Amino acid sequence: MTTASRTFRIAAIPADGVGAEVVAAGRAVLDALAADSRGAFAFDWEEFPWGCEYYERTGRMMDEDGLERLRPFDAIYFGAVGWPNVPDHISLWGLRLKICQSFDQWANIRPVHFLPGITSPLRKADDTELDWVVVRENSEGEYAGLGGRNLSARGHGGEVAVQSALFTEVGCERIMRFAFDLARTRTVRKVSSVTKSNAQQYGMVLWDDVFKRVAADYPDVETESVLVDAMSAKFVLRPEDLSVVVASNLNADILSDLGSALAGSLGLAASANLNPERRFPSMFEPVHGSAPDIAGQGLANPIGAVGSAALMLDHFGLPDQAARLNRAIEATTAAGILTRDVGGTATTAEVTKALIDALAS
Ligand code: GGG
């Protein structure tokens with residue numbers, strides 16, 4: 001038996017629905033890559049059975065000591081969370097958001113990448129170079145989890161709820177600096193900030209103030225500040241103007257789904273939840289959810305999960321391997337080996353095999 005020079009320990013959490021299928025696909029592709037590395041690197045996997053089924057058995061989405069057990073890993077490879085047997089706010093806060101917040105994974109990177117062989121609903125995509133990245137503030141904003149429900153004693157119809165959005169200078173500044181640093185690595189050096197400061201006069205005005213202050217440190221990067229409603233129109237009408245889009249938790253969550261739909265399907269979209277200081281493991285997951293309508297049928301698109309694996313390789317300092325994986329994705333879609341969500345008839349297993357074959361060629 002040969003020992004790899006570098007072994008990355010990865011915690012796999014397939015969780016719910018199609019999560020199991022796409023994480024298995026991603027693992028198979030990564031293991032094929034490692035097998036081909038002639039001992040340069042290997043992956044040591046441990047799989048955790050957490051999710052909605054686990055909740056049904058135990059009353060918890062993850063073990064009580066789950067965070068402690070995850071902490072020593074080099075990364076977390078996540079599937080999808082949510083199933084009709086558990087209210088969505090319980091499953092999301094019990095697993096995905098719990099990990100993101102506890103491990104201060106404050107930067108969520110969601111590239112919007114247009115692939116060959118995939119039809120976009122945008123007519124412009126046929127003859128225009130489109131490629132942008134949504135940088136999502138992933139630790140506060142509208143998903144800070146602050147608020148409460150009260151006054152149910154008033155009786156039916158009398159209850160109140162407050163859900164506060166938290167904007168801190170520290171939180172705004174670090175995600176904006178991340179966005180500007182990312183823009184400096186791209187051909188088009190531009191950061192678009194998504195705001196709603198006309199209506200949200202406290203949090204979003206702070207967001208705008210910090211954006212202006214941080215932008216002054218990056219005079220080589222073009223900037224714009226766009227209201228979220230106008231930005232959603234811009235995604236459809238002027239996507240060629242975008243390079244890096246930085247937005248608060250909720251705004252980026254919505255816009256990145258729009259972006260992946262414009263690129264052809266939510267099933268294609270990759271994401272990384274990063275703790276850039278590396279004090280905690282970062283988490284890599286497809287943008288899509290658990291898709292109960294197609295779960296267990298071998299129909300899920302594995303490309304979002306495999307693209308997320310490429311982001312993980314980048315995080316491990318293996319950019320050449322990440323590029324190789326991305327080339328395998330492009331070769332597979334260009335060859336028309338596509339799942340149903342992007343107009344094909346291939347199964348998850350067939351696309352996974354095509355990706356592994358493309359690695360070899
Ligand atoms: N793989 C992503 C996933 O499971 N998403 C479920 C979801 O509802 N996410 C909300 C969020 O991204 O904050």
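Numbering of ligands and ligand atoms starts at 1, following listing order. Every value quoted in this text rests on a predicted model; they were computed, and no experiment measured them.
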Handout entry: Enumerated ligand 1 atoms positioned under 4.0 Å from heavy atoms of Tyr143
Key =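 Under 4.0 Å from Tyr143, ligand 1 has these atoms: 13 (O).
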Practice task
Please could you name the atoms of ligand 1 that Ala80 approaches to less than 4.0 Å, counting only its heavy atoms?
Solution key: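 Going through ligand 1 atom by atom, the ones under 4.0 Å from Ala80 are 1 (N), 4 (O).
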Practice task
State whether Glu64 and Arg69 are salt-bridged, where the test is any N-O pair (Lys NZ or Arg NE/NH1/NH2 against Asp/Glu carboxylate O) under 4.0 Å.
Solution key: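 Salt bridge flag = no for Arg69 with Glu64.
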Handout entry: Arg96, portion touching ligand 1 at heavy-atom distance under 4.0 Å
Key =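 It is the side chain that touches ligand 1; the backbone stays farther off.
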Practice task
Heavy-atom distances under 4.0 Å are what count here, so tell me which part of Asn249 touches ligand 1: side chain, backbone, both or neither.
Solution key: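 Looking at Asn249 and ligand 1, no heavy atom falls under 4.0 Å.
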Residue-ligand contact [X]/ligand 1, heavy atom below 4.0 Å:
X	result
Pro286	yes
Gly79	yes
Arg136	yes
Arg110	yes

Give yes if a backbone or side-chain nitrogen or oxygen of [X] is under 3.5 Å from a nitrogen or oxygen of ligand 1, and no if not.
X	answer
Phe78	no
Glu285	yes
Leu97	no

Which protein non-hydrogen atom lies closest to [atom], naming both residue and atom, and how far is it?
atom	value
atom 8 (O) of ligand 1	Leu92 CD1, 3.8 Å
atom 3 (C) of ligand 1	His288 O, 3.6 Å
atom 4 (O) of ligand 1	Val81 N, 2.9 Å

Handout entry: Distance in Å, Phe114 CZ paired with Thr128 OG1, rounded so as to fall on 0.5 Å steps
Key =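 That separation rounds to 9.5 Å.
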Only pairs under 3.5 Å count here: list side-chain donor-acceptor contacts from residues 256-270, not counting sequence neighbours, and write none if there are none.
| from | atom 1 | to | atom 2 | distance (Å) |
| --- | --- | --- | --- | --- |
| Ser256 | OG | Arg110 | NH1 | 2.8 |
| Ser256 | OG | Ala252 | O | 2.7 |
| Ser256 | OG | Asp253 | O | 3.2 |
| Ser260 | OG | Ser256 | O | 2.8 |
| Ser260 | OG | Asp257 | O | 3.3 |
| Ser265 | OG | Gly267 | N | 2.9 |
| Ser265 | OG | Asp341 | OD2 | 2.5 |

Practice task
Determine whether more than 12 heavy atoms belonging to other residues, nucleotides or ligands lie under 6.0 Å from atom CZ of Arg186.
Solution key: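 Yes - once you tally the heavy atoms of other residues, nucleotides and ligands closer than 6.0 Å, there are more than 12.
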Would you call the rings of [X] and [Y] parallel, tilted or perpendicular if under 30° counts as parallel and over 60° as perpendicular?
X	Y	result
Trp132	Phe235	perpendicular
Phe316	Phe8	parallel
Phe180	Tyr218	parallel

Problem - Side-chain donor or acceptor of Asp16 paired with backbone N/O of Gly82 under 3.5 Å - result: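 Here the side-chain-to-backbone pair exists.
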Handout entry: Any Val191 side-chain heavy atom under 4.5 Å of Ser243 side chain
Key =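 The answer is no; the side chains never approach within 4.5 Å.
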